[in-house]
Amino acid sequence: MAFFPKILLRSELESYLRNVYTNKELVAVIGAPEAESLFENLLNHLAHPPSFTTVRVNTLSTSIENVKSLLLDEIHQQFPGVNIPILQHPVLHDLLLIPVIGPRKTLKHHPVQVIVGAQCGNAVLRGAHVYAAGIVSASKWMKAGDEVSVFSDIEGKCKRGAKEFLGTKIFIGNGVSELSRNEIFCSNNPVKGKGIRMTEPVYLSPSFDNVLSGYIFLQNLPSAVVSHVLNPQPGERILDMCAAPGGKTTHIATLMKDQGEVIAMDKIANKVEKIKHNASVLKLKCIKAFCFNSTKAVRDQNSPSEQGDGPPFLPKSFDRILLDAPCSGMGQRPNMVCPFSLKELTSYQPLQRKLFTAAVELLRPGGTLVYSTCTVTLSENEEQVAWALKTFPCLELQPQEPHVGGEGMLGAELSPDHLKLLQRFDPCRSEFCSVDLNHCSAEHSNTIPLANKDTIGFFIARFVKTR
């Protein structure tokens with residue numbers, strides 16, 4: 001029974017990623033041993049959560065100080081006797097940092113055990129409780145109110161309803177059962193709601209279920225950086241091409257003080273409803289969400305006029321465009337197992353290029369295009385930048401502000417000057433270290449660099465369309 005695993009990958013996928021991190025360009029500069037070390041560091045970090053939970057404040061509805069006060073009260077209620085500070089990021093002023101405590105290796109295991117699916121296990125490592133739908137197995141004598149130990153079935157081999165599981169499982173913490181085994185598995189209708197209330201998670205991080213709705217939005221640090229890099233201004237017309245669930249969309253609207261127009265698109269209807277819901281909760285009026293395939297978002301100038309203000313749009317219709325592209329998601333953390341085949345992992349590049357081509361057409365001369373992903377592969381990041389610069393002479397790579405991540409990665413034949421303009425958040429560059437709560441402050445020399453480094457894997461490129 002492993003406690004502190006590295007991410008579980010198919011052998012073909014692990015070989016592919018190893019080749020990314022030991023490519024000839026990179027090895028020529030840092031050497032093969034250092035490159036191999038970075039790759040192993042990546043695999044270890046992907047299985048664990050970042051060192052900080054990050055919360056974006058809706059500054060149009062409340063103040064930073066008010067939210068800090070309310071969050072401190074909430075954390076004290078969730079974890080009595082534990083003093084967890086809340087820090088304001090010194091550069092991303094609308095972002096609050098909450099240290100994650102762990103891994104806590106001395107927690108005792110209870111006789112009653114619950115097995116959850118891998119995705120549910122990942123959520124628990126970031127502070128979530130266990131909902132009934134995520135429970136795969138429970139001890140035959142489990143009753144409501146029992147203290148239980150929770151394990152993640154990372155290989156997906158546990159049969160639903162099993163009374164015991166002896167396969168590979170990862171301990172993720174202890175909790176209290178809110179339902180009996182019979183209520184979970186013997187009900188005629190699927191049971192909804194909380195199944196296990198986590199009381200001693202391996203990683204201590206607050207749960208944000210229905211906490212300060214309208215005031216805060218749970219968002220990874222690099223995801224919040226993106227909207228600042230786009231730098232939307234009041235009165236502009238902005239396009240978020242792949243917008244669900246709406247975190248960046250609502251951030252853009254907030255930064256432009258809800259003045260102007262933010263068009264948000266996604267091709268899946270229930271995801272569009274999620275965008276609308278988040279905009280409503282945050283009381284943002286300038287967002288218009290549409291269910292539409294963004295690869296087809298450009299309207300032929302010779303086609304008849306369409307009614308309404310929705311897609312498709314005429315070329316040169318937007319001041320700024322965010323393309324947070326669909327990607328392999330290989331930067332997401334924690335992720336104890338990735339079920340992708342190599343074919344699936346490498347399938348995103350053509351779609352990203354179709355979306356990018358549409359974005360260039362829709363952008364006005366002088367406008368800003370920001371491209372981002374939550375993955376660490378060269379093919380979806382630096383190689384896409386190299387392709388874009390060759391394919392679209394009208395595009396110029398621009399400096400990013402703020403720039404709190406690292407430079408771009410060697411391996412795509414980009415110049416050193418171009419690499420400096422890119423922003424890559426790469427978990428392989430951080431080291432495992434617990435946050436020192438006694439010296440955890442925005443002023444402390446190690447705190448903010450750790451928060452900036454130990455994040456999900458993410459990539460940002462900023463272009464301007466020349467006149």
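For clarity, every value in this text was computed on a predicted model and none was experimentally measured. Reckoned from all heavy atoms, side chains included, excluding hydrogens, waters and symmetry mates.
The pair Lys420-Glu407 fails the salt-bridge criterion, with no side-chain N (NZ, NE, NH1 or NH2) lying under 4.0 Å from an Asp/Glu carboxylate O. Between Asp258 and Lys285 there is no salt bridge, since none of the side-chain N atoms of the basic residue sits less than 4.0 Å from a carboxylate O of the acidic one. A salt bridge links Lys288 to Asp309: at least one charged side-chain nitrogen sits closer than 4.0 Å to a carboxylate oxygen. Using a 4.0 Å cut-off between charged side-chain N and carboxylate O, Lys271 and Asp266 make no salt bridge. A salt bridge is defined here as a Lys NZ or Arg NE, NH1 or NH2 lying under 4.0 Å from an Asp or Glu carboxylate O, and Asp454 with Arg333 meets this definition.
Side chain of Thr357 to main chain of Arg353: a donor-acceptor pair is present (N/O by atom type, distance under 3.5 Å, no hydrogens or angles). Looking at Thr54, its side chain does come within 3.5 Å of a backbone N or O of Gln219 through a donor-acceptor pair. When atom types are taken as modelled, the side chain of Glu361 and the backbone of Lys316 share no donor-acceptor pair closer than 3.5 angstrom. Under the 3.5 Å distance criterion, the side-chain polar atoms of Thr466 are matched with a main-chain donor or acceptor of Cys394. Between the side chain of Arg424 and the backbone N or O of Val376 there is at least one donor-acceptor pair closer than 3.5 Å. Of the possible donor and acceptor atoms, none in the side chain of Ser317 sits under 3.5 Å from a partner among the backbone N and O of Phe313. Under a 3.5 Å cut-off, the side chain of Thr346 and the backbone N or O of Leu342 do form a donor-acceptor pair. Of the possible donor and acceptor atoms, one in the side chain of Asp153 sits under 3.5 Å from a partner among the backbone N and O of Lys157. The backbone N or O of Phe165 sits less than 3.5 Å from a side-chain atom of Lys169, completing a donor-acceptor pair. The closest donor-acceptor contact from the side chain of Arg181 to the backbone of Gly161 lies under 3.5 Å.
Between the side chains of Asn182 and Ser180, not a single donor N or O lies within less than 3.5 Å of an accepting N or O. Looking at Ser61 and Asn58, their side chains do bring a donor and an acceptor atom within 3.5 Å of each other. Inspection of the Thr368 and Asn231 side chains reveals no N or O donor paired with an N or O acceptor under 3.5 Å. Of the N and O atoms on the side chains of Asn41 and His45, at least one donor lies less than 3.5 Å from an acceptor on the other residue. A donor-acceptor pair shorter than 3.5 Å cannot be found between the side chains of Glu344 and Ser347. In this model, no donor atom of one side chain and acceptor atom of the other lie less than 3.5 Å apart for Thr59 and Asp94. Ser223 and Arg56 share no donor-acceptor pair across their side chains, judged by distance under 3.5 Å alone.
Two rings, from Phe217 and Phe208, have their centers 6.0 Å or more apart.
Taking the side chain as every heavy atom from C-beta outward, Ile115 and Ile135 never approach each other to under 4.5 Å. With contacts defined as side-chain heavy-atom distances shorter than 4.5 Å, the pair Phe318/Ile263 qualifies. Counting only heavy atoms from C-beta outward, the side chains of Ser372 and Phe459 never approach each other to under 4.5 Å. With a 4.5 Å cut-off on side-chain heavy atoms, His89 and His93 do not count as touching. Under the 4.5 Å side-chain criterion, counting only non-hydrogen atoms from C-beta, Ser227 is in contact with Lys248. The shortest distance between side-chain heavy atoms of Cys291 and Ile268 does not fall below 4.5 Å. At least one side-chain heavy atom of His228 sits less than 4.5 Å from a side-chain heavy atom of His251. Leu17 places a side-chain heavy atom less than 4.5 Å from the side chain of Met330.
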**OP:** Take Glu380 and Gln349, measure what side-chain hydrogen bond (donor to acceptor under 3.5 Å, both in side chains) needs, and give me the verdict at the end.
**Re:** CA-CA 6 Å; Glu380 298 172 82; Gln349 191 185 72; over 6 Å; no
Original post:
Where do Ser341 and Leu13 land on the side-chain contact (heavy atoms from CB on, under 4.5 Å) test, with the steps shown first?
Top reply: CA-CA 7 Å; Ser341 66; Leu13 193 55; over 6 Å; no
Original post:
For Phe392 and Phe463, what are the C-alpha separation, side-chain angles and deciding distance, and is it a ring pair (Phe, Tyr, Trp, His ring centres under 6.0 Å)?
Top reply: CA-CA 11 Å; Phe392 304 103; Phe463 302 87; 9.0 Å; no
Subject >> Verdict with reasoning, Asn278 to Thr250, per side-chain hydrogen bond (donor to acceptor under 3.5 Å, both in side chains) >> reply: CA-CA 7 Å; Asn278 284 327; Thr250 54; over 6 Å; no
Original post:
Going through the checks in order, is the side-chain contact (heavy atoms from CB on, under 4.5 Å) test met by Glu383 and Thr377?
Top reply: CA-CA 9 Å; Glu383 286 182 15; Thr377 67; over 6 Å; no
Original post:
Val225 and Ile460: side-chain contact (heavy atoms from CB on, under 4.5 Å), yes or no, with the steps?
Top reply: CA-CA 9 Å; Val225 172; Ile460 309 172; 3.8 Å; yes
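Here the closest heavy-atom approach between residue Ile86 and residue Lys68 is recorded as O-CE, 3.4 Å. Closest non-hydrogen pair, Gly173 versus Val202, comes out as N-CG2, 3.7 Å. Between Ala47 and Pro334 the shortest heavy-atom distance is O-CB, 3.6 Å. Nearest heavy-atom pair, Ile321 versus Leu363, reported as atom, atom and distance to 0.1 Å: CD1-N, 3.7 Å.
A tilted orientation is assigned to the rings of Phe151 and Phe171, their planes being inclined by 30° to 60°. Taking the six-membered ring where the residue is Trp, Phe340 and Tyr348 present tilted rings, their angle falling between 30° and 60°.
Applying the side-chain hydrogen bond (donor to acceptor under 3.5 Å, both in side chains) test to every pair with at least one member in residues 392-403, sequence neighbours left out, gives these pairs: Gln400-Gln423. The side-chain hydrogen bond (donor to acceptor under 3.5 Å, both in side chains) pairs that include a residue from residues 115-126 are Arg126-Asn220, where partners are two or more places apart or lie in different chains.
Other residues, nucleotides and ligands contribute at most 12 non-hydrogen atoms within 6.0 Å of the NZ atom of Lys453. Annotation for Lys194: atom NZ counts as buried by contact number, over 12 foreign heavy atoms lying within 6.0 Å. Within a 6.0 Å radius of NZ in Lys267, no more than 12 heavy atoms belonging to other residues, nucleotides or ligands are found.
Taking the centre and axis of the six-membered ring of Phe39, the NZ or CZ atom of Arg18 falls outside the cone set by 45° and 6.0 Å.
Residues forming a salt bridge (Lys or Arg N to Asp or Glu O under 4.0 Å) with Arg320 (at least two apart in sequence, or on another chain): Glu236.
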